[in-house]
Amino acid sequence: MKYDLSGRLVVGIASSALFDLTDCDAVFRERGEDAYRAYQEVHLKDVLAKGVAFPFVRRLLSLNDLAEPPDALVEVIILSRNDPDTGLRVMRSIEAHGLPISRAVFRQGRSPHRFMPALNMSLFLSANGADVRDAVADGMPAGHVLETARVDDEDDPELRIAFDFDGVLAGDASERIFQSAGLDAFRAHEVRNATTPHDPGPLREFLAGINRIQRREEDERRKNPGYQPRLRVSLVTARDAPAHERAVRSLKQWGLRVNDAFFLGGIDKAPVIGALDPHIFFDDQVSHLNGTAPATPSVHIPFGVVNATP
């Protein structure tokens with residue numbers, strides 16, 4: 001029977017985002033591909049350590065217990081530059097960690113992002129910044145997982161996801177006005193267009209998939225009053241009043257929602273994100289992520305005018 005991915009939240013992830021490949025990458029950079037292949041063969045039975053996106057992926061997959069088997073709400077597929085031979089260690093590590101991931105694409109030395117539409121993916125995560133930039137340039141929803149000082153995979157079952165707005169959930173048309181004409185012009189434009197929804201940004205469909213799972217959780221809570229929802233979504237944006245209204249209205253008119261909203265108006269995001277403690281935070285500006293990445297899994301979305309090459 002054909003395995004149907006439609007209606008599921010499908011995430012593609014590179015092994016570099018899921019696992020800590022520091023030692024492997026060092027071998028590749030310093031000694032070349034042949035040495036890298038030999039290293040992976042020798043260490044085939046050594047389980048790879050958890051990487052930056054591991055806590056996010058584990059919790060996301062755990063939400064499949066809301067579906068009736070063999071149905072699933074979430075599908076995670078490996079998208080890798082490795083060849084199938086060196087990818088064996090990744091697949092064995094997935095099994096050792098107990099992650100229900102069985103599907104993978106291995107493209108020796110080539111970026112696999114072109115297969116995202118065929119696999120119904122609404123997000124691709126990788127620690128390879130060049131691969132992510134190529135994917136975004138081709139119109140794909142992709143994020144560069146940044147290094148972090150720690151990978152905190154506590155037992156708490158809740159999954160907390162935080163998004164910036166402009167250039168992440170929404171397009172960057174308003175950001176372009178801010179960059180070219182300044183804050184006052186930006187605010188005036190947003191007030192004039194408060195009832196006009198923004199064009200969608202690269203991660204709007206990913207949030208739509210997250211919201212579908214939240215609705216399933218609401219159904220479960222209605223059937224079982226003791227059920228505690230595990231999925232929580234926050235908006236953390238540099239917008240403030242009066243520009244906040246258009247963001248809220250856009251989400252509503254798209255049929256999307258968030259549980260929390262932080263309209264910070266230029267306040268440093270890092271302490272807020274630290275208190276919020278999400279398992280993953282998406283932002284289009286590296287200047288914001290430099291503050292959050294040391295303690296929080298942070299993902300750069302290299303989209304829009306703020307990421308244009310000078």
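Counting from 1, the numbers follow the sequence of the chain as shown. Please read all numbers here as calculations on a predicted model, not as lab measurements.
A donor-acceptor pair is defined here as one N or O able to donate and one able to accept, closer than 3.5 Å; such a pair exists between the side chain of S16 and the backbone of A127. Side chain of T148 to backbone of A293: a donor-acceptor contact under 3.5 angstrom is found. Here the side chain of R246 pairs a donor or acceptor atom with the backbone of N193 at under 3.5 angstrom.
Contact annotation: the side chain of F56 never approaches that of P297 to less than 4.5 Å [non-hydrogen atoms, C-beta and beyond]. For the pair F124/L119, no side-chain contact is recorded, criterion being any heavy-atom separation below 4.5 Å from C-beta on. Within the 4.5 Å cutoff, side-chain heavy atoms of T195 are placed close to those of R249. Counting heavy atoms from C-beta on, the side chains of M140 and P117 come closer than 4.5 Å. Taking the side chain as every heavy atom from C-beta outward, L159 and R232 never approach each other to under 4.5 Å. E217 is listed as a side-chain neighbour of Y227, based on a closest heavy-atom distance under 4.5 Å. Inter-residue side-chain proximity for N82 and S15 is flagged as met; some heavy-atom pair is nearer than 4.5 Å. Put simply, the side chain of I161 does not reach to within 4.5 Å of the side chain of H279, judged on heavy atoms.
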- Item | Worked check of side-chain contact (heavy atoms from CB on, under 4.5 Å) between V74 and V11 | CA-CA 8 Å; V74 178; V11 174; 5.5 Å; no
- Check step by step if ring pair (Phe, Tyr, Trp, His ring centres under 6.0 Å) holds for H189 and F178. CA-CA 9 Å; H189 177 268; F178 173 71; over 10 Å; no
- Carefully, step by step, assess D166 and D284 under the rule side-chain contact (heavy atoms from CB on, under 4.5 Å). CA-CA 8 Å; D166 295 279; D284 66 323; 5.6 Å; no
- Task: For V191 and F186, run side-chain contact (heavy atoms from CB on, under 4.5 Å): C-alpha distance rounded to whole Å, both residues' side-chain angles, the deciding distance at 0.1 Å, then the answer.
- Result: CA-CA 9 Å; V191 169; F186 164 79; over 6 Å; no
- Trace of the salt bridge (charged side-chain N to carboxylate O under 4.0 Å, His left out) decision for R160 with D156: CA-CA 11 Å; R160 298 178 294 277; D156 180 4; 3.2 Å; yes
- Message: Run H198 and S174 through side-chain contact (heavy atoms from CB on, under 4.5 Å) and show every step you take.
- Response: CA-CA 9 Å; H198 283 274; S174 296; 3.1 Å; yes
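Cluster membership check: L88 does not share its hydrophobic cluster with L79, using side-chain heavy-atom separations under 4.5 Å among Ile, Leu, Val, Met, Phe, Trp and Tyr. V136 and M121 are not part of a single hydrophobic cluster, where members link through side-chain heavy atoms under 4.5 Å apart. By the criterion of side-chain heavy atoms lying less than 4.5 angstrom apart, applied directly or through intervening Ile, Leu, Val, Met, Phe, Trp or Tyr residues, F303 is grouped together with I280 in one hydrophobic cluster. Under a hydrophobic-cluster definition in which Ile, Leu, Val, Met, Phe, Trp and Tyr are linked whenever side-chain heavy atoms come within less than 4.5 Å, directly or via other members, V105 and V10 are assigned to the same cluster. M116 is not connected to L207 by any chain of hydrophobic side-chain contacts under 4.5 Å among Ile, Leu, Val, Met, Phe, Trp and Tyr, and they are in different clusters.
Summarising the hydrophobic clusters (Ile, Leu, Val, Met, Phe, Trp, Tyr; side-chain heavy atoms under 4.5 Å, direct or chained), the residues clustered with I273 are L146, V236, F262, L264, I267, V272, L276, F281, L289.
Of all heavy-atom pairs between F106 and G87, the closest is CE2-CA, 3.5 Å. Counting all heavy atoms, side chain and backbone alike, P202 lies closest to P141 at O-CB, 3.1 Å. Of all non-hydrogen atoms in L48 and D20, the two that sit nearest each other are CD2-O, 4.2 Å. The shortest heavy-atom contact between Q285 and V306 is CG-CG2, 4.0 Å. When every heavy atom of R215 is checked against every heavy atom of G255, the shortest pair comes out as NH1-O, 4.5 Å. Of all non-hydrogen atoms in T292 and S298, the two that sit nearest each other are OG1-OG, 2.8 Å.
The residues R114 and D138 are annotated as not salt-bridged, no charged nitrogen and carboxylate oxygen being separated by less than 4.0 angstrom. Salt-bridge check for E41 with R89: failed, with every basic side-chain N at 4.0 Å or more from each acidic carboxylate O. Electrostatic pairing of R230 and E158 does not count as a salt bridge here, judged by no charged N lying under 4.0 Å from a carboxylate O. Salt bridge R216/E218: absent, no basic N to carboxylate O contact under 4.0 Å. Under the 4.0 Å criterion applied to side-chain N and carboxylate O atoms, R59 and D153 are assigned as salt-bridge partners. Contact check on D83 versus R107 returns no salt bridge, with no Lys/Arg side-chain nitrogen under 4.0 Å from an Asp/Glu carboxylate oxygen. A salt bridge links R103 to E75: at least one charged side-chain nitrogen sits closer than 4.0 Å to a carboxylate oxygen.
S6 and D4 share a side-chain donor-acceptor pair at under 3.5 Å. A side-chain donor from one of N307 and H300 sits under 3.5 Å from a side-chain acceptor of the other. Remark: the N259 side chain and the Q214 side chain contain an N/O donor-acceptor pair separated by less than 3.5 Å.
Other residues, nucleotides and ligands place no more than 12 heavy atoms under 6.0 Å from the CD atom of Q228. Heavy atoms from other residues, nucleotides or ligands lying under 6.0 Å from CD of E95 number 12 at most.
Among the candidates L123, D283, L125, the single residue satisfying the side chain to side chain contact (heavy atoms under 4.5 Å, CB included) test with V299 is L125. For the pairing with D219, the side-chain hydrogen bond (donor to acceptor under 3.5 Å, both in side chains) check across K223, R221, R222 returns one residue only, R222.
Note on ring orientation: taking the six-membered ring where Trp is involved, the planes of F163 and F282 are parallel (angle under 30°, cut-offs 30° and 60°).
Rounded to the nearest 0.5 angstrom, I94 CD1 and I13 CD1 are separated by 9.0 Å. How far CG of L169 is from CG of L235: 6.5 Å, rounded to the nearest 0.5 Å. Taking NE2 of H288 as the start and OG1 of T237 as the end, the distance is 8.5 Å to the nearest 0.5 Å. Note that the CG atom of L44 and the OG atom of S93 stand 8.5 Å from one another [nearest 0.5 Å]. Atom-to-atom distance recorded for D199:CG and S250:OG is 9.5 Å, nearest 0.5 angstrom. Note that CZ of R110 and CG of D131 are 13.0 Å apart. Values are rounded to the nearest 0.5 Å.
Seen from the ring of Y3, R8 counts as a face-on cation partner, given the 6.0 Å and 45° thresholds.
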